[in-house]
Amino acid sequence: SIYSVTIERWDAEQNKWVTAEDGYQFEATQQVKVSLAYKVLDGWRPVTTDDLFFYEIPMSIGLVEADKGYVKDGAVLQAGEYSISTGGRIEINFLQDYLAGNRGEVVEGTVSFEGNLNITQIEDETAKINFGTIQKEINVKPETITESTGLSVEKNGLETEIAYRDGKTY
């Protein structure tokens, strides 16, 4: 299960990702970095590399492209590999060496990824993003939200002039 979520923003002056300070207002589609700290629930422990841990990213955060990388146990030991689809599914595959050395201990770690906010609704300039049992609230600039009806109208046509036998052009 996810037990901690950090949402960071890019600070161009410092040239690095920083945790958004209190009062910071995100734009509705701003690029963010999200870190999810997870702990595998008691009663389920990966035994083989076929045992996957998976999680669906909230619709409020969209990935521009698929991603993959390494999962760490805490901040040091490489525990496995993760992949994230553009549809928002994270899959973690634990390494056999890690599983062999982890004898019944709690399996936990962190997965980080970059994406774009996809905020379509706010209440009092606050958006709520649900990560399972954790709800993060962020401030969003209202003027950056565009309403989408899901409909689009397009008209295509061709303008031509036709000369007829009567000498008139229509």
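All values reported here derive from a predicted model rather than from experimental measurement.
- With rounding to the nearest 0.5 Å, the separation of CZ in Phe113 from OG in Ser83 is 12.5 Å.
- The shortest side-chain heavy-atom distance between Ile92 and Tyr38 falls under the 4.5 Å cut-off.
- At a threshold of 4.5 Å between non-hydrogen side-chain atoms, the residues Ile119 and Ile129 count as touching.
- Side-chain contact annotation: Asn139 with Gln25, donor-acceptor N/O pair under 3.5 Å absent.
- Taken from CD1 in Ile84 to CD1 in Ile90, the straight-line distance is 4.5 Å, to the nearest 0.5 Å.
- Using a 4.5 Å cut-off between side-chain heavy atoms of Ile, Leu, Val, Met, Phe, Trp and Tyr, with links allowed through other members, Tyr3 and Ile61 fall into different hydrophobic clusters.
- Between Trp10 and Trp17, the angle of the ring planes goes over 60°, which puts this pair in the perpendicular group of the 30/60° scheme.
- Looking only at distances, a side-chain donor or acceptor of Asp11 sits under 3.5 Å from a matching main-chain atom of Glu13.
- Between Glu81 and Lys68, the closest side-chain pair of non-hydrogen atoms is not below 4.5 Å.
- The two residues Ala28 and Thr144 make their nearest non-hydrogen contact at N-OG1, 2.9 Å.
- Partner Glu91 forms a side-chain contact (heavy atoms from CB on, under 4.5 Å) with one of Phe54, Tyr82, Tyr55 and no other, that one being Phe54.
- Comment: Arg89 engages Glu56 in a salt bridge, judged by a side-chain N to carboxylate O separation of less than 4.0 angstrom.
- Between Tyr24 and Val18, every side-chain heavy-atom pair lies at or beyond the 4.5 Å cut-off.
- Nearest heavy-atom pair, Ala127 versus Gln121, reported as atom, atom and distance to 0.1 Å: CB-O, 4.1 Å.
- Each salt bridge (charged side-chain N to carboxylate O under 4.0 Å, His left out) pair with one or both residues in residues 126-143, not counting sequence neighbours, appears once here: Glu27-Lys141.
- Atom-to-atom distance recorded for Phe26:CZ and Ile7:CD1 is 6.0 Å, nearest 0.5 angstrom.
- Here Leu117 contributes atom CG and Thr29 contributes atom OG1; the two are 8.0 Å apart, rounded to the nearest 0.5 Å.
- In this structure, CD1 on Ile138 lies 8.5 Å from CD on Gln30, to the nearest 0.5 angstrom.
- Under the 4.5 Å side-chain heavy-atom criterion for ILVMFWY residues, no single connected hydrophobic cluster contains both Ile122 and Met59.
- For the pair Thr19/Thr6, a side-chain contact is recorded, criterion being any heavy-atom separation below 4.5 Å from C-beta on.
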List the steps, then state whether side chain to side chain contact (heavy atoms under 4.5 Å, CB included) holds for Val34 with Val5. CA-CA 7 Å; Val34 178; Val5 177; 4.2 Å; yes
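- Looking at Ser35 and Ser112, their side chains do bring a donor and an acceptor atom within 3.5 Å of each other.
- Here Gln31 contributes atom CD and Asn116 contributes atom CG; the two are 5.5 Å apart, rounded to the nearest 0.5 Å.
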